[in-house]
Participant: 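Just dropping this structure here.
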Amino acid sequence: MNIWDNAFAIEIIPILLQGLWLTVQITFFSFLISLVVGLLVAIIRFLRIPVVSHIFDFYVSFIRGTPLLVQAYVAYFVLPQVGLTFEVLATGIVVLGLNYSAYTAEVYRAGIEQLPKGQWEAARALSLPPLRTWFRIVVPQAVRPIIPVLGNYLIMMFKDSAILSSITIIELMGTALQIGSNFYRYLEPITIAGLMYLIISFPCSLLIRRLEHRFVPTH
């Protein structure tokens, strides 16, 4: 008996590619959410607005202190019990995006705090409005050195999206598990799914490494 079935492996590749495509879409939209929400959280925490900043401090601590799987289960199982029902794919994308927003917020904060004080003083001297100061001066300079870090989070998010299979989203890992369940063969689908994750992640890691040399200043 052959442990590995080449014919079966070739047959399931197109199905797994469909799962991979959904994984890429989930990662893309979740990453957009994490970038936007993370930036807003970082700005609000940096401004130290009474009460509001503390709420966002708790948000970051809560998200970082609880597993992504638990957050996905809460969104999928608990929220419908209190009358909040959402489409499962949208739920997965939002959960993944909000989870990573807590981490991107910390990265943004580090980038903002590294900005020279002279930049703030120059903005005040020119009497620039706060929004213009943030989005024309602060954010562009703060984001540039943290691009490689954000890129690493993108790769991690791509791999962590496999957790969403636990809430019935048939992305790449969910597709592999479904094939394994249908045919009682897990070796080929799980192995090929792992290789697909690697094929996407490895070149991206090399690209991030090149970006580090370009954007992160050396001392």
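What you see is a predicted model; the values in this text were computed from it and never measured.
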Participant: Could Glu113 and Arg109 be called an ion pair, given the rule that one side-chain N must be under 4.0 Å from one carboxylate O?
Facilitator: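 Arg109 and Glu113: salt-bridged.
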
Participant: Between Tyr197 and Phe158, does the ring centre distance come in under 6.0 Å?
Facilitator: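 Centroid separation for Tyr197 and Phe158: below 6.0 Å.
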
Participant: Just verifying a value: how many Å separate Ile163 CD1 and Glu171 CD, rounded to the nearest 0.5 Å?
Facilitator: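 It comes to 10.0 Å.
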
Participant: Are the side chain of Thr23 and the backbone N or O of Leu172 linked by a donor-acceptor pair below 3.5 Å?
Facilitator: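 Such a contact is found between Thr23 side chain and Leu172 backbone.
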
Participant: Applying a strict under-4.5 Å side-chain criterion to I, L, V, M, F, W and Y, I'd like to know whether Trp21 and Ile200 cluster together.
Facilitator: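 Yes, Trp21 connects to Ile200 through the hydrophobic network.
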
Participant: Is it the case that the side chain of Glu188 and the backbone of Trp4 share a donor-acceptor pair, with hydrogens and angles ignored and the cut-off at 3.5 Å?
Facilitator: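 Not confirmed, Glu188 side chain does not pair with Trp4 backbone.
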
Participant: Could you label the plane-to-plane angle of the Phe56 and Tyr59 rings as parallel, tilted or perpendicular, counting under 30° as parallel and over 60° as perpendicular?
Facilitator: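 Geometry flag for Tyr59 against Phe56: perpendicular rings.
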
Participant: How long is the gap from OG on Ser166 to CG on Leu69, to the nearest 0.5 Å?
Facilitator: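 Spacing of OG (Ser166) from CG (Leu69) equals 4.5 Å.
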
Participant: Of all the heavy-atom pairs spanning Ala193 and Ala176, show the shortest one and how long it is.
Facilitator: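 Nearest pair, atom of Ala193 first, then Ala176: CB-CB, 3.9 Å.
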
Participant: Taking all heavy atoms of Gly92 and all of Ile169, pick out the closest pair and write down the distance.
Facilitator: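 In terms of heavy atoms, the two residues are closest at CA-CD1, 3.7 Å.
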
Participant: So Phe46 and Trp134, would you call those rings parallel, tilted or perpendicular, with 30° and 60° as cut-offs?
Facilitator: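 Perpendicular: the ring planes of Phe46 and Trp134 meet at over 60°.
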
Participant: Test question: given the 4.5 Å side-chain rule for I, L, V, M, F, W and Y, name all other residues clustered with Ile55, or answer none.
Facilitator: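 Ile55 shares its hydrophobic cluster with Val51.
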
Participant: Using the rule given for salt bridge (charged side-chain N to carboxylate O under 4.0 Å, His left out), can you reason through Asp57 versus Arg45, listing the C-alpha separation, both sets of side-chain angles and the distance that settles it, and then say yes or no?
Facilitator: CA-CA 7 Å; Asp57 286 344; Arg45 295 177 73 200; 2.6 Å; yes

Participant: How many angstroms lie between atom CD1 of Ile93 and atom CD of Glu87, to the nearest 0.5 angstrom?
Facilitator: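 Ile93 atom CD1 to Glu87 atom CD measures 8.0 Å (nearest 0.5 Å).
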
Participant: What distance separates Ile49 CD1 from Ile43 CD1, expressed to the nearest 0.5 Å?
Facilitator: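 If I round to the nearest 0.5 Å, the distance is 10.0 Å.
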
Participant: Can you tell me how far the CD1 atom of Ile15 sits from the CD atom of Gln178, to the nearest 0.5 Å?
Facilitator: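 So the CD1 of Ile15 and the CD of Gln178 are separated by 9.0 Å.
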
Participant: Just how far is it from atom CG of Leu20 to atom OG1 of Thr175, taken to the nearest 0.5 Å?
Facilitator: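 OG1 of Thr175 is found 9.5 Å from CG of Leu20.
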
Participant: Among the clusters formed by ILVMFWY side chains lying less than 4.5 Å apart, do Leu47 and Ile44 turn up in the same one?
Facilitator: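 Yes, same cluster.
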
Participant: Hydrophobic cluster membership, with links at side-chain heavy-atom distances under 4.5 Å among I/L/V/M/F/W/Y: are Ile33 and Phe28 in one?
Facilitator: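 Ile33 and Phe28: one cluster.
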
Participant: Would Phe86 end up clustered with Val74 when hydrophobic side chains under 4.5 Å apart are linked, directly or stepwise?
Facilitator: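 Cluster IDs for Phe86 and Val74 differ.
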
Participant: Would you say Gln71 and Thr66 are linked by a side-chain donor-acceptor pair, where the criterion is simply a distance under 3.5 Å?
Facilitator: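 Present: a donor and an acceptor within the cut-off.
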
